[in-house]
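Data first, discussion second: the structure below is written as structure tokens.
Chain identifiers are assigned alphabetically (A, B, ...) following the order of the sequence lines, protein sequences preceding nucleic acid strands; residue numbering begins at 1 within each chain.
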Protein chains: 2
Amino acid sequence: MKPSPARPRGAPAPEERIHRSIADAIADRRLPPGTRLVEEQLAELFGVSRARIRKVLLMLAQSRLVTLERNRGAMVAVPSAREAREVFHARRLIEEEIVRLLTAEGGGLAPDAAQRLRRHLDREAAALASGDRAATVRLTGEFHQLLATVSGHAVFGEILDSLIRQSSLAIAVFETPAAPSCTADEHRMIVEALERGDGDGARRLLLDHLHEIEQRLELKTLGDGAVDLRRVFAGDAAAEALAEEA
Amino acid sequence: MKPSPARPRGAPAPEERIHRSIADAIADRRLPPGTRLVEEQLAELFGVSRARIRKVLLMLAQSRLVTLERNRGAMVAVPSAREAREVFHARRLIEEEIVRLLTAEGGGLAPDAAQRLRRHLDREAAALASGDRAATVRLTGEFHQLLATVSGHAVFGEILDSLIRQSSLAIAVFETPAAPSCTADEHRMIVEALERGDGDGARRLLLDHLHEIEQRLELKTLGDGAVDLRRVFAGDAAAEALAEEA
DNA sequence: CCCACCCGGATTGTCTACAATCCCTTTCAC
DNA sequence: GTGAAAGGGATTGTAGACAATCCGGGTGGG
């Protein structure tokens, strides 16, 4: 299947740039869940007509990063707890299979794959050391995407791209305030296991890693409608958003 | 995450109807892979402006059912052999997990789930008996989607919806002419295994079923660029499309 | 005869104007 | 004071017009 959406032949259409900008802003939490995305404002900001903005918003909506409500406009999506759990579940399934693919031949990583992963780890470490939080968060997500890329399985890569972006949203909504920050060593240990061909080890590390990310989120087991009244009346803004949803 | 794209509040926008019509026509092979989809013609046919058609085509493109090429228009996607293999691989992974979910409690299917699946089997059998090939093909695909629906895992359902539609395209391109038709008993046996709580059995049957579907396709192991010259010069239209792609 | 260039038609890309919808505020009636 | 209705402003939805692009066919030159 050909890449979609439309690929420009000459100068790239601004849609791609705009799409990237908005998606990155969502991932970096500069556009938090629930943020109104007004077409006219975005059109002015990006210096294009509204039609282009609508196109980008439609694409973002299909990726579940944005919700479009007819006659009421677009906003950054607010995932429910259930959705968050399902997204992480799907991630575990897909990413485990990707790691299986990477070690399918019984050997370790191909040298170019290992190199790309190593370079990425270096970039992660540099961002962390420089205190660039947004870059750190983005690179952390991109590590998982890179696993799919080097696996060469494009369909898994596309599915995972969407899942990673959705899980970033879930993290923005549900992350507990006092959660410890992610350690950079986890990715490194996964790469090391892959390099020495330890597929089982890599899978275990990966699943633990994803499980730990998910554990940091307050995903109530009661389901979507459950409301923690203590948090509602404590004036917590995120819980207020949840109360509105319920 | 809220359902996307935009949901109408009053009368439904025609986009949903048009989207369904085109997607169904693709699934039924009334619109074969490679078919040009001209905006103006579709606009006239559906009695709407071009803007609406463009919206639908963009959505179909993001689902990989249609390819958009800038300044050249839209056409029904033509999957490569590699893509087809990856789609089936992803299907096996997702559908196996769905069946695992359905039998996760160690018991059989919930009664309402069993009922829905049984009713669907009846509809499949009726379509087959009446010789309605298009309905049979569609219902056969919907069986798999229904497994996801009754599992209650919406994210898997969405991923699978897309994969099923893409695999239909792959089947349209790669199916061997003399392939035996799918037997209706395979779905029944899967449902029976689910009903008696035989998760392992159900999974094996399902994977065998999917494997059999994939085996019917001539997916060359050489990769995307491989061209079967015999088929090219035999004047086979599908192979000609592939030659153009390579 | 072959190749390069040009033109015309078909189609896509984009923008803008106007209609439709929704929400919030104000006013009026009870 | 409360609730309902009306109005206005903000925003979205939609269509049509025009610009831009591409491809195929025809013509002219070597």
Within this structure, what is the [atom1]-to-[atom2] distance between [X] and [N], rounded to whole angstrom?
X: Arg54(B); N: dT12(C); atom1: CZ; atom2: P; result: 8 Å
X: Arg70(A); N: dT21(C); atom1: CZ; atom2: C1'; result: 9 Å
X: Leu58(A); N: dG13(D); atom1: CG; atom2: P; result: 10 Å
X: Phe46(B); N: dA15(D); atom1: CZ; atom2: C1'; result: 18 Å
X: Lys55(B); N: dG13(C); atom1: NZ; atom2: P; result: 17 Å
X: Leu68(A); N: dT12(D); atom1: CG; atom2: P; result: 10 Å
X: Glu40(A); N: dT16(C); atom1: CD; atom2: P; result: 10 Å
X: Asn71(B); N: dA20(D); atom1: CG; atom2: C1'; result: 7 Å

NZ/NE/NH1/NH2 to OD/OE distance under 4.0 Å, Glu214(A) and Arg85(A):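 No, this pair does not count.
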Below 4.0 angstrom from OP1 or OP2 of [N], is there any side-chain N or O of [X]?
X: Arg50(B); N: dA15(D); result: no
X: Arg72(B); N: dG24(D); result: no
X: Arg36(A); N: dT12(D); result: yes

Which nucleotide sits closest to the side chain of Ser49(A): dC15(C), dT14(D), dG13(D)? dC15(C)
Minimum-distance nucleotide (side-chain atoms of Val38(A) versus dT12(D), dT14(C), dT12(C)):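 Nucleotide nearest to Val38(A)'s side chain: dT12(D).
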Which is true for Ile53(A) with a 4.0 Å heavy-atom rule: it touches a base, it touches only sugar-phosphate, or it touches nothing? nothing
NA contact type, Arg52(A), heavy-atom cut-off 4.0 Å: base, sugar-phosphate, or nothing? sugar-phosphate
Residues in side chain to side chain contact (heavy atoms under 4.5 Å, CB included) with Ala25(A), at least two apart? Arg30(A), Leu31(A)
For Arg54(A), the side chain to side chain contact (heavy atoms under 4.5 Å, CB included) test, sequence neighbours excluded, returns Glu39(A), Arg50(A)
Could you label the plane-to-plane angle of the Phe156(A) and His89(B) rings as parallel, tilted or perpendicular, counting under 30° as parallel and over 60° as perpendicular? perpendicular
Any donor-acceptor N or O pair under 3.5 Å, side chains His144(A), Glu95(A): yes
